[in-house]
Amino acid sequence: MFWNEPNNKSHWDPELDPDWSAYAEMVKLAAKAVEAENPYVLRALGGISPIDPLFIQNMQGQGALDRLDVVAVHGFPFDWNHWMVHEWPDKLKEIQSVTDLPVWVTEVGTSTFGAEEVQEFGLKRMADLLIGRAPRIHWYSLYDLPRAWPATTRHREAEGSSYYRHFYMGLLREDGTPKRALDHFARYTPDLGICQWFHFEDHRLDDAVQWLRTLGVKHVRTGLSWADSFRPNADAWFDRQMAALEEFDVTVTFCFTPEHRGIVPHHTSPPQVKEEYAEFCAAMVRRYASGSNTSRPRDMRPVAAV
């Protein structure tokens with residue numbers, strides 16, 4: 001997956017790239033580079049938030065979808081979006097109406113910011129609305145974000161309660177103890193996967209794998225950070241992360257601009273040299289998905305279960 005929420009200013013700076021032409025070019029280069037390494041690897045546009053068919057049409061018009069197999073959406077009607085949970089099927093149709101590519105839901109979730117009962121209800125309701133309507137669904141997330149870590153968003157505490165909801169999205173609390181919704185999650189696997197971002201040298205990795213097994217999860221979405229690739233021992237951490245997740249069907253998101261390689265020094269900035277992002281994506285595929293160890297060639301796109 002090429003980037004995370006590219007139409008969200010917390011992850012891509014629209015002041016630096018107002019028509020998303022830099023992003024579109026970056027995706028085209030990266031998709032071509034990944035295809036050259038392994039044509040069996042499915043290539044996905046970064047999951048969009050908000051769900052906006054005009055953004056998909058923009059990407060189509062700029063040729064960014066030509067080498068892709070999947071587009072993806074993110075939705076959080078209980079926390080951040082300005083629409084009701086029962087609108088989920090219509091939101092999917094909005095995107096399905098403007099592209100022939102399968103539409104995955106690569107992040108959907110409900111926080112326990114106000115009450116655990118809200119997440120419990122949200123899980124049941126959204127599972128009922130989405131299963132059978134999207135070929136891949138990832139619940140966000142397994143763990144709460146530790147309060148000592150910053151959420152990856154632009155304005156942080158200035159966002160008020162919107163910012164603090166980032167810390168309560170897990171089925172497990174920061175200390176690993178279960179919340180109410182966890183008791184219900186296994187009813188929906190393997191139809192529901194998990195999206196879990198792992199920070200650099202994340203101490204939760206091994207415990208997370210055990211929980212994924214216990215819950216019957218088969219599909220996992222995570223990230224490999226281009227910015228982290230410049231840290232000391234980055235390859236060792238990436239190797240450990242990917243080895244731990246080897247038993248799952250993994251959607252890897254390539255994102256976050258290294259500050260020293262951005263037009264401005266920020267993870268949301270377009271890169272100075274777009275080919276460098278493509279080279280990073282190709283290097284990760286070469287390292288973790290080389291050869292024919294994935295199962296579907298490009299002309300056998302996944303079919304939506306609808």
Are [X] and [Y] ion-paired here, with the side-chain N under 4.0 Å from a carboxylate O?
X	Y	answer
Arg180	Glu120	yes
Arg133	Asp128	no
Glu37	Arg286	yes
Asp69	Arg43	yes
Arg231	Glu201	no

Does a donor on one side chain and an acceptor on the other come within less than 3.5 Å for [X] and [Y]?
X	Y	answer
Thr251	His219	no
Asp79	Ser111	yes
Asn58	Gln62	yes
Thr253	Arg221	yes

Specify whether [X] and [Y] have parallel, tilted or perpendicular ring planes, treating 30° as the upper limit for parallel and 60° as the lower limit for perpendicular.
X	Y	answer
Phe76	Trp80	perpendicular
His138	Trp104	tilted
Phe121	Phe78	perpendicular

Is there side-chain contact between Phe238 and Met284, with at least one heavy-atom pair below 4.5 Å? yes

Do other residues, nucleotides or ligands put more than 12 heavy atoms under 6.0 Å from the CG atom of Asp183?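 Buried by this count: over 12 neighbours within 6.0 Å.
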
The criterion is side-chain hydrogen bond (donor to acceptor under 3.5 Å, both in side chains); which residues satisfy it with Thr177, sequence neighbours excluded?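 If we apply the side-chain hydrogen bond (donor to acceptor under 3.5 Å, both in side chains) test to Thr177, skipping adjacent residues, the hits are Arg173, Asp175.
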
